[in-house]
Amino acid sequence: QVQLVESGGGLVQPGGSLRLSCAASGSIFRLNAMGWYRQAPGKQRELVAAIARSGTTNYTDSVKGRFTISREFAKNTVYLQMNSLKPEDTAVYYCNAEVIGYGLKTASYWGQGTQVTVSS
């Protein structure tokens with residue numbers, strides 16, 4: 001089985017910064033794409049940022065220029081650096097990873113979610 005453990009959420013004032021981390025462990029042959037999703041109260045879950053093994057990144061328009069996704073392959077870890085945070089960024093943030101298991105089967109896994117609250 002695969003586990004994704006998130007950390008770094010919390011309460012921050014508008015304009016502040018947070019850095020989220022997500023570490024994957026377990027039966028992992030290879031991690032493919034990794035990403036961050038978020039779900040705000042009363043809203044659908046949306047993709048925030050994703051990063052492929054090639055390093056190619058993709059961001060939702062609302063966070064472009066403010067958020068940066070990165071990964072450390074040796075640590076099976078993905079990060080989300082969030083700058084210039086706005087109240088509308090308030091949400092539960094979920095890490096996601098596409099994993100190839102030792103049986104060469106691909107599956108998607110989710111982290112437990114971490115709360116990010118942007119408020120004065």
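It should be emphasised that the depicted structure is a prediction, and the values quoted were computed from it without experimental measurement. Quick note: numbers below take in every heavy atom, side chains included, and nothing from hydrogens, waters or symmetry partners.
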If you measure from [atom1] on [X] to [atom2] on [Y], what distance do you get to the nearest 0.5 Å?
X	Y	atom1	atom2	value
Thr57	Arg71	OG1	CZ	12.0 Å
Gln81	Ser21	CD	OG	9.5 Å
Met34	Leu80	CE	CG	12.0 Å
Ile51	Thr56	CD1	OG1	8.0 Å

[X] versus [Y], closest heavy-atom pair with distance:
X	Y	answer
Tyr109	Val99	CD1-CG2, 3.7 Å
Ser17	Val12	N-CG2, 3.8 Å
Pro14	Ser120	CD-N, 3.7 Å
Leu47	Ala50	CD1-CB, 4.2 Å
Leu31	Ala24	CD1-CB, 4.1 Å
Met82	Leu20	CE-CG, 3.7 Å

Within one Ile-Leu-Val-Met-Phe-Trp-Tyr cluster: [X] and [Y], side-chain cutoff 4.5 Å:
X	Y	answer
Leu85	Tyr59	yes
Phe67	Ile69	yes
Val63	Val78	yes
Tyr94	Leu18	no
Leu104	Tyr102	yes

Check: Just by distance, do the side chain of Thr90 and the backbone of Val118 share a donor-acceptor pair under 3.5 Å?
Finding: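 Yes.
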Notebook entry, point to check: Excluding sequence neighbours, so at least two apart, what forms side-chain hydrogen bond (donor to acceptor under 3.5 Å, both in side chains) with Ser108?
Noted result: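 Applying side-chain hydrogen bond (donor to acceptor under 3.5 Å, both in side chains) to Ser108 gives Asn96.
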Note to self: Applying side-chain hydrogen bond (donor to acceptor under 3.5 Å, both in side chains), can you list everything that pairs with Asn32, at least two apart in sequence or on another chain?
What the structure shows: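 So Asn32 forms a side-chain hydrogen bond (donor to acceptor under 3.5 Å, both in side chains) with Arg30.
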Note to self: Show every salt bridge (Lys or Arg N to Asp or Glu O under 4.0 Å) that has at least one partner inside residues 110-120, sequence neighbours left out.
What the structure shows: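 Listed by first then second residue: nothing to list.
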Next item on the list: With sequence neighbours left out, write down each residue that passes side-chain contact (heavy atoms from CB on, under 4.5 Å) with Gln112, or none if nothing qualifies.
Entry: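 For Gln112 the side-chain contact (heavy atoms from CB on, under 4.5 Å) partners, ignoring immediate neighbours, are Glu6.
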Item checked: Qualifying side chain to side chain donor-acceptor pair (under 3.5 Å) pairs with a residue from residues 34-46, counting only residues at least two apart or across chains ->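 Every pair satisfying side chain to side chain donor-acceptor pair (under 3.5 Å) with a residue in residues 34-46: Arg38-Glu46, Arg38-Ser62, Arg38-Asp89, Arg38-Tyr93.
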Notebook entry, point to check: Which pairs count as disulfide (SG to SG under 2.5 Å) when at least one residue sits in residues 66-120, sequence neighbours excluded?
Noted result: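 The answer is Cys22-Cys95.
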Item checked: Distance-only donor-acceptor check, side chains Thr117 and Ser119, under 3.5 Å ->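 The criterion, which ignores hydrogens and geometry beyond distance, is not satisfied for Ser119 and Thr117.
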